[in-house]
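So the structure is just underneath, and the comments pick up after that.
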Amino acid sequence: ICFYTLSNVKLFEGEYDKGNPVGLHIFNLPDGKPYKTIAFVQGMRDGSEQFYDQNKNIYLKIDYKNDEPMNIANRPIQFE
């Protein structure tokens, strides 16, 4: 599935299976630059969610496994 602005700039691209997100989902700003990417497996976040600045550099990365955050910017998350 893709969503575009009226000027044909892609805002979103991603796949769904029976209503659940699967694969890589890409979110773009109205100028077409990437804002966020996130990976899904069977409807759950599984892999990296990455946020981008205006220069297309990653400024935040969160790794997930089975929809649970595992680390942020390569730092393990400690659950208490």
May I ask you to decide if the ring planes of Tyr59 and Phe51 are parallel, tilted or perpendicular, using 30° and 60° as cut-offs? tilted
Could you tell me whether the side chain of Asp53 and the main chain of Asn55 form a donor-acceptor pair under 3.5 Å? yes
Taken to the nearest 0.5 Å, the spacing of Lys61 NZ from Ile72 CD1 works out to 12.5 Å
Going by heavy atoms in the side chains, are Lys36 and Tyr52 under 4.5 Å from each other? no
Check the surroundings of atom NZ in Lys65: do more than 12 heavy atoms from other residues, nucleotides or ligands lie under 6.0 Å from it? no
Return the minimal non-hydrogen interatomic distance between Ala39 and Gly47, and the atom names on each side. CB-CA, 4.3 Å
Kindly compute the distance separating CG (Leu24) from CD (Glu13), expressed to the nearest 0.5 Å. 8.0 Å
Gly43 versus Asn20, closest heavy-atom pair with distance: CA-CB, 3.7 Å
Got Phe27 and Ile38 here, is their nearest side-chain heavy-atom distance under 4.5 Å? yes
Show the nearest heavy-atom pair for residues Gln50 and Ile58, with the distance to one decimal. OE1-CD1, 2.7 Å
Would you check if the side chain of Thr5 reaches a backbone N or O of Ser7 as a donor-acceptor pair within less than 3.5 Å? yes
Short side-chain to backbone donor-acceptor contact, Asp46 and Asn66, under 3.5 Å: yes
Yes or no on side chain to side chain contact (heavy atoms under 4.5 Å, CB included) for Phe40 and Arg45, after CA distance, side-chain angles and deciding distance? CA-CA 4 Å; Phe40 290 93; Arg45 292 171 290 186; 3.7 Å; yes
Quick one, Tyr35 and Asn28 - any side-chain contact, counting heavy atoms below 4.5 Å? no
Verify same cluster id: Tyr16, Phe3 (apolar side-chain graph, 4.5 Å): yes
Heavy-atom closest pair (Phe12 atom, Gly14 atom, distance to 0.1 Å) is CE2-N, 3.6 Å
If only atom types and distance count, is the side chain of His25 paired as donor or acceptor with the main-chain N or O of Glu15 below 3.5 Å? yes
Leu11 and Pro30 have their tightest heavy-atom pair at CD2-CA, 3.7 Å
Distance from Ile26 atom CD1 to Thr37 atom OG1, nearest 0.5 Å? 7.0 Å
